[in-house]
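Worksheet: the structure to be examined is printed underneath.
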Amino acid sequence: RPGPSPGSMSRYDSSLGLLTRKFTNLIQASISGAIDLNEAAAQLSVQKRRIYDITNVLEGVGLIEKKSKNVIAWKGAENAASEIESGGGSSGR
């Protein structure tokens, strides 16, 4: 099977796993620890829908929290572990 054409992204480059890694790096690199989802989508050159896919999972496991409609903040792995142990986290969506 031929590979991707020059200039196009490979399957790995567009994978949700890699995009999640890039997204979490963006949040952690921000001075405030928070990021606007519109800015994240633009910086990562992806549709906002892909950003929502990531934020839904990260919020569900307690790694991030919504600050406002389009802004999320990093809570971190320590907070996620304590929420999972206590049965907290998502509001049953």
Side-chain angles (χ1 to χ4, degrees):
R1 193 176 351 172
S5 62
S8 70
M9 291 196 315
S10 72
R11 187 176 179 107
Y12 174 74
D13 290 337
S14 63
S15 74
L16 202 53
L18 179 62
L19 188 55
T20 300
R21 205 169 291 136
K22 290 178 179 179
F23 180 76
T24 57
N25 288 340
L26 264 183
I27 301 168
Q28 293 172 337
S30 75
I31 295 169
S32 65
I35 192 164
D36 180 277
L37 300 180
N38 293 314
E39 290 177 21
Q43 287 184 35
L44 298 173
S45 302
V46 296
Q47 294 178 344
K48 197 169 174 188
R49 176 72 247 154
R50 298 282 283 172
I51 298 296
Y52 285 146
D53 292 340
I54 294 167
T55 58
N56 286 337
V57 172
L58 295 178
E59 188 177 14
V61 297
L63 289 175
I64 63 171
E65 64 183 347
K66 279 187 180 176
K67 291 294 187 183
S68 66
K69 182 180 177 188
N70 285 315
V71 178
I72 57 92
W74 183 253
K75 289 173 61 178
E78 300 82 25
N79 292 326
S82 64
E83 281 193 29
I84 291 169
E85 288 173 3
S86 68
S90 159
S91 59
R93 286 186 271 184

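- Taking all atoms of both residues into account, the shortest heavy-atom contact from Ile27 to Gly33 is CG2-O, 3.5 Å.
- Interatomic distance, CG of Leu63 versus OG1 of Thr20, reported as 10.5 Å (0.5 Å rounding).
- Considering Ile35, Thr55, Val57 as possible partners of Ile64, the one that fulfils the side chain to side chain contact (heavy atoms under 4.5 Å, CB included) test is Thr55.
- In this structure, Arg50 and Ser15 approach most closely via the heavy-atom pair NH2-C, 3.8 Å.
- When all heavy atoms of Tyr52 and Leu37 are compared, the closest pair comes out as CE2-CD1, 3.8 Å.
- The OG1 atom of Thr24 sits 8.5 Å away from atom CD1 of Ile54, with the distance rounded to the nearest 0.5 Å.
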Checking side-chain contact (heavy atoms from CB on, under 4.5 Å) for the pair Leu58/Ile72: CA distance, chi angles, key distance, verdict?
CA-CA 10 Å; Leu58 295 178; Ile72 57 92; over 6 Å; no

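- A side chain to side chain donor-acceptor pair (under 3.5 Å) check over residues 27-36, counting only residues at least two apart or in different chains, returns nothing.
- Every residue two or more places apart in sequence or in another chain that forms a salt bridge (Lys or Arg N to Asp or Glu O under 4.0 Å) with Asp53 is listed here: Arg49.
- Evaluation of the side-chain hydrogen bond (donor to acceptor under 3.5 Å, both in side chains) rule for Glu39 yields no partner, not counting sequence neighbours.
- Atom CG of residue Asn38 and atom NZ of residue Lys69 lie 9.0 Å apart, to the nearest 0.5 angstrom.
- For Lys48, there are no salt bridge (Lys or Arg N to Asp or Glu O under 4.0 Å) partners at least two apart in sequence or on another chain.
- Under the 4.5 Å side-chain contact rule for hydrophobic residues, Val46 and Val71 do not share a cluster.
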